[in-house]
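Proteins come first, then strands; the chains are lettered A, B, ... in the order of their sequence lines, and each starts at number 1. In this text, all values refer to a predicted model and were calculated from it rather than measured experimentally.
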Amino acid sequence: MEGGMISVDQWAKGSQAYFLTHLHSDHTRGLSSTWSNGPLFCSRTTAKLFPLKFPDFNFAFLRIVEIGSWHRLSLSSPSTGSPASIQFMPIDAFHCPGAVMFLFRGVFGHVLYTGDFRWEETGERSVKAKNMLIDALNGANVDVLYLDNTYCNPVYCFPIREVATQQVIEIIASHPEHDIVIGIDSLGKEDLLLEISRCLKMKIWVWPERLQTMHLLGYPDIFTTRTSLTRVRAVPRYSFSINTLEGLNATKPTIGIMPSGLPWVSKPFEGKNKKGFSLSVASKNRRILTSNGTRVDLNMRSVEKVQNHIFSVPYSDHSCYREIKDFVWLVKPYNVKGIVSMSSCYVNPVYYLSHLFSSNRASQSTCLDPEICEEVEMKGKTKRTNFTGTGRKKRTTEANFLGVRIRRVSILRQINRGVKIVECDSPD
DNA sequence: GCGATCAGAT
DNA sequence: CACATCTGATCGC
């Protein structure tokens, strides 16, 4: 692992080309307006948003690449200096505006870096991305998969965003006299806001910088920075707390909606109403028509009133466990590496996937649904592991999975996200 | 004094 | 629980 060839979401000097999956700040740490380390490849939408985040960025370094097209790059081998060509294709990651995954092929085989991604099983965009990936792989397996393992744990189970969106709309519609605040980040969840606006025919307040983002994205003129025009406000998530909600309620009845992939199985709060939320009889057991024509339950049980004024809705821009599993099954990687390891309870993504092979699976758990227990085979070589228990507190530091050495990390915080891919970045 | 980096909070 | 972000302290020049 001498010199670097390319880096994804990682910005240290020494690579010949750099790739940005999306503009969330945990993926741009190390990037600045003074960038000069090399060419930076990103999607058209990401490029459009670039000036907002990096006003003085030298655009001569930016390379806009089209989703669904193969692009060829002539680089040189870090070890020998001889010419080495790689190809890559950006694929829609359906995470936030501009987000893509990158599929690379070169002397290192096929490497897929997902960035953050949502892999819903239905919907026009999802199906398109899936077919694009299948076509691009053309029967080949992925040698190294760098995976968004944010929710790579069977406890993370939530519906497609279309369903969560309807849940949010139900909550708003059933509180006609309340102001509504929704916690969002600097980028992402725009579709949720657009749908609220469309269905309930109201404008949505956003803070000034967010309005600029909406304008750059070319969204219709439904967003405003004038509070008098609407009772629905999308506010920065960090400004959203029990205290702020109570403060707002001192003046006007207000409810908060927190769209999040977290299951909220337990809360740091002591209050009642921890489990579930009852809507009016009329809206109970309703079914909604999804974009692919199927009907699904508008199951409000997954909505939780977590505190007097706050509702938690399972709207996530990351894949749930089930979707991650489907994705891994599709690309059949030789080696999987998690790209998210920020938490103190980080578990290698292969950990839970390897559970599928566990001989004592039947003895554990409650948290695995029957679907999850189906057999998955990678490269046709199923190897049993010695994993037991549910994972987090596992002491095992190393395991052999399909001939792949995997290790749990012991660090509490990871400094860098992203990866440098070198010439010989073959499976360990 | 300023940007980069890190810890901690939310 | 964690994500993505902010604030504020500390570091290096």
When the distance from [atom1] of [X] to [atom2] of [N] is rounded to whole Å, what number comes out?
| X | N | atom1 | atom2 | value |
| --- | --- | --- | --- | --- |
| A:W207 | C:dA4 | CH2 | P | 14 Å |
| A:I339 | C:dA2 | CD1 | P | 16 Å |
| A:H22 | C:dA4 | NE2 | P | 6 Å |
| A:L192 | C:dC3 | CG | P | 20 Å |
| A:D26 | B:dC6 | CG | C1' | 15 Å |
| A:L187 | C:dC6 | CG | C1' | 17 Å |
| A:M258 | B:dT10 | CE | C1' | 9 Å |
| A:D317 | C:dT5 | CG | P | 11 Å |

Minimum-distance nucleotide (side-chain atoms of [X] versus [options]):
| X | options | answer |
| --- | --- | --- |
| A:H95 | C:dA4, C:dC6, C:dC3 | C:dA4 |
| A:T150 | C:dA4, C:dC3, C:dC6 | C:dC3 |
| A:Y156 | C:dA2, C:dA4, B:dA4 | C:dA2 |
| A:S241 | B:dA4, C:dC3, B:dT10 | B:dT10 |

Counting just side-chain N and O atoms, does A:H27 come under 4.0 Å of either OP1 or OP2 of C:dA4?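 The answer is no; no side-chain N or O of A:H27 sits under 4.0 Å from OP1 or OP2.
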Between A:S186 and C:dT5, is there a contact of a side-chain N or O with OP1 or OP2 at under 4.0 Å?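 Checking A:S186 against C:dT5: at least one side-chain N or O falls below 4.0 Å of OP1 or OP2.
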Have a look at A:S239 and say if it touches a base, only the backbone sugar-phosphate, or nothing, with a 4.0 Å heavy-atom cut-off.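 Nothing: the residue A:S239, judged by heavy atoms under 4.0 Å, touches no strand.
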If every non-hydrogen atom of A:L103 is compared with every non-hydrogen atom of A:L133, which pair is closest and at what distance?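 Looking at all heavy atoms of both residues, the shortest contact is CD2-CD1, 4.4 Å.
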Would you name the heavy atoms of A:E209 and A:L52 that are closest together and state the gap between them?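 In terms of heavy atoms, the two residues are closest at O-CD2, 4.2 Å.
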Under the criterion side chain to side chain donor-acceptor pair (under 3.5 Å), which of A:R161, A:K130, A:R125 is the partner of A:E120?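 Testing each of A:R161, A:K130, A:R125 against A:E120, the sole residue satisfying side chain to side chain donor-acceptor pair (under 3.5 Å) is A:R161.
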Atom CG in A:N335, atom CG in A:D143: separation rounded to 0.5 Å?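 It comes to 9.0 Å.
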Parallel, tilted or perpendicular: which describes the rings of A:F59 and A:F57, with under 30° parallel and over 60° perpendicular?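 Rings of A:F59 and A:F57: perpendicular, over 60°.
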